[in-house]
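Right, one structure below, let's go through it.
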Amino acid sequence: MKRDDMMIATIQILLCILLILLLLLFPQTAHTGTDLGLQLFMEALFPYLLPYLILTQWLLRLTAPLRTKTKRASLYVQAYVISALGGYPTGATTIVYLKNSGQLHPKEANFLLAVCHAPSPLFVLGFVSLDLLQNNTFGWLFLCLLHSFNICCLLSGYFLFRKTAPPTISVHNTPLHGSPFSESIKETAPTLLLVGTTVIFFTAIQTIVQKSLVELIPGLPHSLEFMIAAVLEVTNGIKMTITTFPSHPYLPLFVVILLTMQSISIHLQIFVIAKSAKLSVRPYIKFRLLSIIVVPTIYALFFL
């Protein structure tokens, strides 16, 4: 084992031991955090994610034989539209399917994994904009900004890869399953389990860490609490921020930053899905850092 790998493994072991100790010290808090994570998943994510995941996976399988003659531009558009409507991690599962079926080169798949990544419009418009902010305009504005940035990146990638020879797609790689609908449900279940597990786990960890910090530092600033919540699980972080600062003049900007930054919970979902197809996450990380700078800056300059 390399020295760097040994160091990373040691850090992970120490982190696991620390979290286990916190679970033992604050069992009731851990239970409360788990309940909160389950509630967030069932109320804020599950209703918006489940239908889109099943329908997009079903659509991909029904149209698989038709894509043997699909042009690269059309394939990019299809992948982006599916990811934009389904939200994360629909984009990642779509790219993995297209790559595993031989319809995308690995470099193209790495690039599209980074670009085809956006929150579900139902989540932004329904949960964040209407339920929490009670402002329908905010949701549409944020989605327009984010997708404008992503589409510009998508166009750049198309011109970058347009001279690349398209992969050879055999009938064996893109079969029309005997039961596409059943296959779509079967493929959706692991993704939902992954999303639910990460949301519940990181919400519980956030609750425990926040509790332990309050015990150690009684005067802990609220801003630090919200930062910890947002970094670990964005859904809970957004809810806490809006509930605590409902009339703050810069609240919309805070929400834009949180939605663009997302959280460890979401990024881990993408990493796990990407690893299953041996995709590189470096382009994904670079695009996320770029979007964190560009999207909130444009919102602050033109819409505050």
Side-chain angles (χ1 to χ4, degrees), residues 73 76-92 94-95 107-125 127-129 132-133 135-162 223 226-235 237-238 241-242 245 248-271 273-274 279-304:
Y76 281 23
V77 170
Q78 291 177 38
Y80 187 81
V81 170
I82 289 174
S83 67
L85 293 176
Y88 34 66
T90 306
T94 301
I95 301 307
K107 289 184 178 180
E108 287 181 295
N110 293 336
F111 169 76
L112 289 176
L113 180 73
V115 176
C116 298
H117 182 78
S120 165
L122 287 180
F123 172 75
V124 175
L125 297 174
F127 179 71
V128 176
S129 191
L132 296 180
L133 288 174
N135 180 2
N136 190 37
T137 305
F138 170 83
W140 287 108
L141 182 58
F142 171 76
L143 290 175
C144 288
L145 284 176
L146 181 63
H147 287 297
S148 297
F149 170 78
N150 286 346
I151 290 172
C152 289
C153 295
L154 185 68
L155 290 173
S156 301
Y158 169 73
F159 288 110
L160 179 65
F161 293 111
R162 64 176 178 171
S223 57
F226 300 142
M227 186 180 300
I228 294 172
V231 167
L232 292 176
E233 212 300 298
V234 67
T235 309
I238 291 175
T241 302
I242 295 176
F245 304 110
H248 196 285
Y250 293 107
L251 178 61
L253 178 61
F254 296 157
V255 177
V256 168
I257 293 173
L258 294 179
L259 285 172
T260 309
M261 182 178 65
Q262 296 148 33
S263 62
I264 294 177
S265 171
I266 293 171
H267 299 316
L268 184 61
Q269 295 168 24
I270 306 302
F271 290 173
I273 294 172
L279 296 179
S280 172
V281 296
R282 289 184 180 180
Y284 173 84
I285 294 173
K286 292 177 181 178
F287 272 91
R288 296 287 73 75
L289 293 175
L290 184 61
S291 66
I292 291 172
I293 297 172
V294 173
V295 176
T297 300
I298 294 176
Y299 183 88
L301 290 176
F302 295 100
F303 302 104
L304 275 184

- Side-chain contact test, heavy atoms from C-beta onward, threshold under 4.5 Å: evaluate it for Y76 versus Y80 and give yes or no. no
- Message: Are the side chains of I273 and I95 in contact, using a 4.5 Å heavy-atom criterion?
- Response: no
- Run the numbers on H267 and V281 for side-chain contact (heavy atoms from CB on, under 4.5 Å), then give the verdict. CA-CA 10 Å; H267 299 316; V281 296; over 6 Å; no
- Is there a side-chain contact (heavy atoms from CB on, under 4.5 Å) between F303 and L145 once you walk through the steps? CA-CA 11 Å; F303 302 104; L145 284 176; 4.0 Å; yes
If you look at every heavy atom in [X] and [Y], which pair is closest and at what distance?
| X | Y | answer |
| --- | --- | --- |
| S83 | G91 | CB-CA, 3.3 Å |
| F138 | P252 | CE1-O, 3.5 Å |
| F142 | P119 | CE2-CG, 4.0 Å |
| G139 | S129 | N-OG, 3.2 Å |
| I270 | P89 | CD1-CB, 4.0 Å |
| R288 | N150 | NH2-OD1, 4.4 Å |

- Note on the structure: Across all chains, not counting sequence neighbours, the side-chain contact (heavy atoms from CB on, under 4.5 Å) partners of V81 are V77, L85
- Positive for side chain to side chain contact (heavy atoms under 4.5 Å, CB included) with V255, one of L258, I257, L251: L251
- Query: Out of curiosity, L125 CG to T137 OG1, how far, rounded to the nearest 0.5 Å?
  - Reply: 10.5 Å
